[in-house]
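Below: one structure, written as structure tokens.
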There are 2 protein chains.
Amino acid sequence: MSPDTPQPPGTARPGRSYHCHVEVTVDVIGGKWTPVVLAHLKEHDRLRFAQLRRLIPDITEKMLAQRLRELEAIQIVDRIPVSTAPPHVEYALTAQGRSLAPVLQAMWEWGRDWAATNRLAVDPVQFRH
Amino acid sequence: MSPDTPQPPGTARPGRSYHCHVEVTVDVIGGKWTPVVLAHLKEHDRLRFAQLRRLIPDITEKMLAQRLRELEAIQIVDRIPVSTAPPHVEYALTAQGRSLAPVLQAMWEWGRDWAATNRLAVDPVQFRH
DNA sequence: CATGGTACGCACTTTTTTGTGCGTACCATG
DNA sequence: CATGGTACGCACAAAAAAGTGCGTACCATG
């Protein structure tokens with residue numbers, strides 16, 4: 001693999017080998033925040049950076065920006081600059097990103113049930129435009 | 001939260017707060033190897049430690065043992081000692097573990113499609129009894 | 001007892017991920 | 001120009017996850 005050859009999206013690690021398709025998914029949307037960010041984007045047509053930040057209270061701006069940049073780079077998320085006053089950016093799932101809906105939906109439902117079974121408090125932030 | 005009070009399963013971090021059900025799922029089955037281990041267990045009634053190790057070639061025994069222990073602790077996996085010659089242990093998903101099937105299936109399918117789109121090689125190991 | 005198979009556990013070490021603190025760039029407005 | 005809003009980027013630092021090397025415990029068999 002020559003350094004001049006761009007890596008296919010989703011392979012952050014050169015020479016990464018896969019022996020199971022689930023490994024691929026974990027490689028692309030693994031980590032603490034990426035699935036959460038995607039789950040929120042799945043529920044809304046478009047979201048501003050600040051809206052995402054508010055919907056995910058425990059994420060740092062740094063992590064949010066970084067996750068979004070990476071998802072944009074692999075064409076799972078579109079980044080849409082909006083020239084208003086004040087100007088801002090909006091993020092939306094691409095068609096490719098929307099193909100993650102079954103994964104995210106299943107994760108959401110399982111998490112809901114697990115939380116109920118184990119009496120975990122889940123306090124969603126109210127969405128605000 | 002007194003140290004004597006056992007944490008509910010799935011909360012490795014005391015005081016962990018959740019604002020989205022997907023965060024819960026990530027907390028329980030996040031990480032590099034847990035989803036992979038679970039995916040293999042989903043495909044087989046029972047698997048020996050050594051079978052899992054062979055099916056997941058890049059995992060260390062340490063990581064495999066650790067993941068299995070944690071999954072057993074939160075009752076997602078059953079650990080079944082088998083007295084044969086040689087003796088071994090078998091692992092199987094609990095009913096609770098099997099509730100993860102939609103998540104794992106969705107992850108598998110998405111990973112397959114992503115790999116195809118991005119020309120990633122996925123080389124599953126042939127199952128051997 | 002010695003040996004082999006099996007499944008780990010321990011003490012570190014390395015790698016990866018996430019977080020902290022601050023500053024920057026851009027745009028619009030008064 | 002100053003100010004405010006917005007969305008980050010940078011240079012570390014801290015935390016978490018994963019890996020390494022070795023050894024141990026248990027069981028069965030000869």
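Proteins get letters first, then strands, A, B, ... in listed order; numbering begins at 1 in each.
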Apply side chain to side chain contact (heavy atoms under 4.5 Å, CB included) to [X] and list each qualifying residue two or more places apart in sequence or on a separate chain.
| X | result |
| --- | --- |
| A:Ser99 | B:Trp110 |
| A:Ala116 | none |
| B:Ala106 | A:Pro102, A:Val103 |

*Could you list all the salt bridge (charged side-chain N to carboxylate O under 4.0 Å, His left out) pairs where at least one residue sits in residues 50-64 of chain A, not counting sequence neighbours?*
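Found A:Arg53-A:Glu61.
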_Under the salt bridge (charged side-chain N to carboxylate O under 4.0 Å, His left out) definition, can you give me all pairs with a residue in residues 96-116 of chain B, not counting sequence neighbours?_
none
*Mind listing the residues from residues 58-69 of chain B sitting with a heavy atom below 4.0 Å of DNA chain C? Number order is fine.*
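By residue number: B:Glu61, B:Lys62, B:Ala65, B:Arg69.
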*Of all of residues 76-90 of chain B, which get a heavy atom below 4.0 angstrom from DNA chain C, listed by number?*
B:Arg79, B:Pro86, B:Pro87, B:His88, B:Val89
Take atom [atom1] of [X] and atom [atom2] of [N], then tell me their distance rounded to the nearest Å.
| X | N | atom1 | atom2 | answer |
| --- | --- | --- | --- | --- |
| B:Gln51 | C:dG5 | CD | P | 17 Å |
| B:Ile29 | D:dA17 | CD1 | P | 14 Å |
| B:Arg16 | C:dG19 | CZ | C1' | 14 Å |
| B:Ile56 | D:dA18 | CD1 | C1' | 14 Å |
| A:Leu52 | D:dT6 | CG | P | 14 Å |
| A:Arg54 | D:dG5 | CZ | C1' | 12 Å |
| B:Glu70 | D:dA18 | CD | C1' | 12 Å |
| A:Arg48 | D:dA7 | CZ | C1' | 12 Å |

*State which residues pass ring-ring contact (aromatic ring centres under 6.0 Å, His included) with B:His88; sequence neighbours excluded, sorted by chain then number.*
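Residues passing ring-ring contact (aromatic ring centres under 6.0 Å, His included) with B:His88: none at all.
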*Partner set under ring-ring contact (aromatic ring centres under 6.0 Å, His included) for B:Trp108, not counting sequence neighbours*: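 B:Trp108 satisfies ring-ring contact (aromatic ring centres under 6.0 Å, His included) with A:His21 only.
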*Check whether B:Ile80 and B:Leu71 end up in the same hydrophobic cluster, where Ile, Leu, Val, Met, Phe, Trp and Tyr are linked by side-chain heavy atoms less than 4.5 Å apart.*
no
*Starting at the 5' end of DNA chain D, what dot-bracket string do you get if Watson-Crick and G-U pairs under 3.5 Å are bracketed, crossing pairs use [ ], other-strand pairs use | and unpaired bases use dots?*
||||||||||||||||||||||||||||||
*For D:dG19, take OP1 and OP2 only and decide whether either is under 4.0 Å from a side-chain N or O of B:Trp33.*
yes
_Between A:Lys32 and C:dG19, is there a contact of a side-chain N or O with OP1 or OP2 at under 4.0 Å?_
yes
*Please, which pairs that meet ring pair (Phe, Tyr, Trp, His ring centres under 6.0 Å) have at least one residue in residues 48-70 of chain B, sequence neighbours excluded?*
none
*Distance (rounded to the nearest 0.5 Å) between A:Thr94 OG1 and A:Arg79 CZ*: 15.5 Å
Could you go through residues 39-46 of chain B and list every donor-acceptor pair under 3.5 Å that involves a side-chain atom there, pairing it with any protein atom two or more places apart or in another chain?
unit_1, atom_1, unit_2, atom_2, d
B:Lys42, NZ, B:Gln105, OE1, 2.8
B:Arg46, NH1, B:Glu90, OE1, 2.9

